[in-house]
Amino acid sequence: MAKQSSYKNKMILLETKRLLLRELKQNDFNALLSFLNDPQTMYAYEHGFSKKEVQALLEKQIHSYAVNNFGLWAAILKETETCIGLCGITLQAYKEKQVPELGYIFQKEYWHQGYASESALACKEYAFENLELPQLYAIIRDSNLPSQKLAERLGMHKIDTIIKHYYGFSMPHYVYTLKNYK
């Protein structure tokens, strides 16, 4: 179960067994660049992000915190206090409207160790219990089987297939959703 807390005098949005989730700050740029510009980590996007794209993502999240009270948050490994990824809720286009999407990206060195599951579950609980969102979505590339399996473990159900056009690629994506029944 995730909880809000203060950790070593730093305000933390969510805390799980192994992770702290907090808002991104400008001084997180280098940590983000270290994995967002890696083409293997970013395979679902078909390329690693440039410095300009990382800066745009960072600014978009900081703006989202102010406007929406959510965004992608830094996933900090408690053991080392290192940023190992991002997890949170963003607004994404689906059927000509903006929907709250649960998303995450982790450094490839931390894949298959349960960090995405741990943080995604905490964000799902936060979205439903604290933000009282009526529904969450996950829009996942058709080739990203681990993320599809995670969405299903979170109780999400596939409801649609859409095509996203990005960097000259037409990319099929599956749309998953879960309603807040509380």
Side-chain angles (χ1 to χ4, degrees), residues 1-2 4 12-25 28-29 31-49 53-54 56-58 60-62 64-65 68-78 80 82-94 99-131 133 135-158 164 166 171 173-178:
M1 180 70 141
Q4 289 182 285
I12 302 302
L13 182 67
L14 295 170
E15 181 177 351
T16 68
K17 181 179 179 184
R18 301 177 295 167
L19 297 171
L20 303 170
L21 298 179
R22 64 157 172 79
E23 290 184 356
L24 291 165
K25 301 173 290 204
D28 290 315
F29 177 84
L32 296 177
L33 184 64
S34 74
F35 63 92
L36 293 176
N37 77 347
D38 174 29
Q40 289 181 312
T41 297
M42 303 302 289
Y43 75 94
Y45 292 83
E46 295 289 339
H47 76 289
F49 283 14
E53 289 169 312
V54 172
L57 179 142
L58 185 57
K60 182 178 179 181
Q61 300 319 306
I62 292 169
S64 183
Y65 306 147
N68 303 311
N69 293 318
F70 58 78
L72 288 175
W73 298 301
I76 308 297
L77 189 61
K78 285 181 183 179
T80 63
T82 303
C83 177
I84 64 169
L86 300 169
C87 188
I89 303 151
T90 61
L91 291 176
Q92 298 293 327
Y94 174 62
V99 298
E101 183 197 28
L102 176 61
Y104 49 85
I105 304 168
F106 280 85
Q107 294 179 35
K108 68 179 179 271
E109 294 83 11
Y110 295 94
W111 290 358
H112 310 295
Q113 297 179 46
Y115 294 112
S117 298
E118 187 174 318
S119 61
L121 178 60
C123 289
K124 178 187 94 167
E125 291 172 359
Y126 184 81
F128 288 160
E129 295 172 13
N130 295 73
L131 298 173
L133 295 175
Q135 191 168 5
L136 270 179
Y137 292 79
I139 302 172
I140 304 169
R141 179 106 187 249
D142 66 336
S143 60
N144 190 343
L145 297 177
S147 287
Q148 293 169 35
K149 290 178 183 178
L150 175 53
E152 291 167 1
R153 282 195 309 275
L154 292 172
M156 296 182 139
H157 304 282
K158 188 174 5 172
K164 286 190 167 197
Y166 184 71
M171 302 177 180
H173 282 68
Y174 297 135
V175 179
Y176 289 79
T177 190
L178 179 65

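Quick note: residue numbers are just sequence positions, from 1.
For Ser34, the side-chain contact (heavy atoms from CB on, under 4.5 Å) criterion is met by Gln107, not counting sequence neighbours. Residues satisfying the ring pair (Phe, Tyr, Trp, His ring centres under 6.0 Å) criterion with Tyr137, sequence neighbours excluded, are Tyr94. In this structure, Arg153 has no salt bridge (Lys or Arg N to Asp or Glu O under 4.0 Å) partners at least two apart in sequence or on a different chain. Qualifying side chain to side chain donor-acceptor pair (under 3.5 Å) partners for Asp142, counting only residues two or more places apart in sequence or in other chains: none. Residues passing the ring pair (Phe, Tyr, Trp, His ring centres under 6.0 Å) test with Phe29: none are found, sequence neighbours excluded. Residues satisfying the ring pair (Phe, Tyr, Trp, His ring centres under 6.0 Å) criterion with Tyr110, sequence neighbours excluded, are Tyr115. Every residue two or more places apart in sequence or in another chain was checked for a side chain to side chain donor-acceptor pair (under 3.5 Å) with Tyr174, and none qualifies. Applying the side-chain contact (heavy atoms from CB on, under 4.5 Å) criterion to Glu152, with sequence neighbours excluded, gives Tyr176. With sequence neighbours excluded, the residues that form a side-chain contact (heavy atoms from CB on, under 4.5 Å) with Ala127 are Ile89, Leu133, Leu136. Take Glu101 and apply the salt bridge (Lys or Arg N to Asp or Glu O under 4.0 Å) test, not counting sequence neighbours, and it matches no residue. Among residues two or more places apart in sequence or in another chain, the salt bridge (Lys or Arg N to Asp or Glu O under 4.0 Å) test is passed with Lys108 by Asp38. Listed by chain and number, the residues in a ring pair (Phe, Tyr, Trp, His ring centres under 6.0 Å) with Tyr104 amount to none (sequence neighbours excluded).
For the pair Ser64/Ile62, no side-chain contact is recorded, criterion being any heavy-atom separation below 4.5 Å from C-beta on. In this structure, Val99 and Thr177 have side chains that are not in contact, with every pair of non-hydrogen atoms separated by 4.5 Å or more. In this structure the side chain of Gln92 never reaches within 4.5 angstrom of the side chain of His173, judged on heavy atoms. Using a 4.5 Å heavy-atom threshold, the side chains of Tyr65 and Trp73 count as touching. You'll find the side chain of Leu32 reaches within 4.5 Å of the side chain of Leu86, heavy atoms only. Within the 4.5 Å cutoff, the side chain of Ser119 has heavy atoms near those of the Phe106 side chain. Contact of the Glu23 side chain with the Leu13 side chain is not registered, since no non-hydrogen atoms from C-beta on lie closer than 4.5 Å. Looking at Leu19 and Leu77, their side chains come closer than 4.5 Å, going by heavy atoms from C-beta outward.
Rounded to the nearest 0.5 angstrom, Lys25 NZ and Gln61 CD are separated by 15.0 Å. Summarising the geometry, atom CG belonging to Leu72 is positioned 10.5 Å from atom CG belonging to Leu21; distances are rounded to the nearest 0.5 Å. For the atom pair CG (Asp28) and CZ (Arg22), the distance works out to 4.0 Å, reported to the nearest 0.5 Å. In this structure, CG in Leu145 is found 10.0 Å from CD1 in Ile140, a value given to the nearest 0.5 Å. Rounding to the nearest 0.5 Å gives a distance of 9.0 Å between CD1 of Ile84 and CZ of Phe35. Of the inter-residue distances, the one linking Leu57 atom CG with Leu24 atom CG reads 7.5 Å to the nearest 0.5 angstrom.
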Check against side-chain contact (heavy atoms from CB on, under 4.5 Å), Thr41 and Leu36: CA-CA 7 Å; Thr41 297; Leu36 293 176; 5.8 Å; no
Trace of the side-chain contact (heavy atoms from CB on, under 4.5 Å) decision for Met156 with Leu150: CA-CA 9 Å; Met156 296 182 139; Leu150 175 53; over 6 Å; no
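Of all heavy-atom pairs between Val54 and Phe49, the closest is CG2-CB, 3.8 Å. Residues Lys17 and Lys78 approach most closely at O-NZ, 3.3 Å, considering heavy atoms. Heavy-atom minimum distance, Cys87 versus Cys123: SG-SG, 3.6 Å.
With a 6.0 Å radius and a threshold of 12 heavy atoms from other residues, nucleotides or ligands, Lys60 has its NZ atom at or below the threshold.
Between the side chain of Gln148 and the main chain of Arg141, a donor-acceptor pair closer than 3.5 Å is present.
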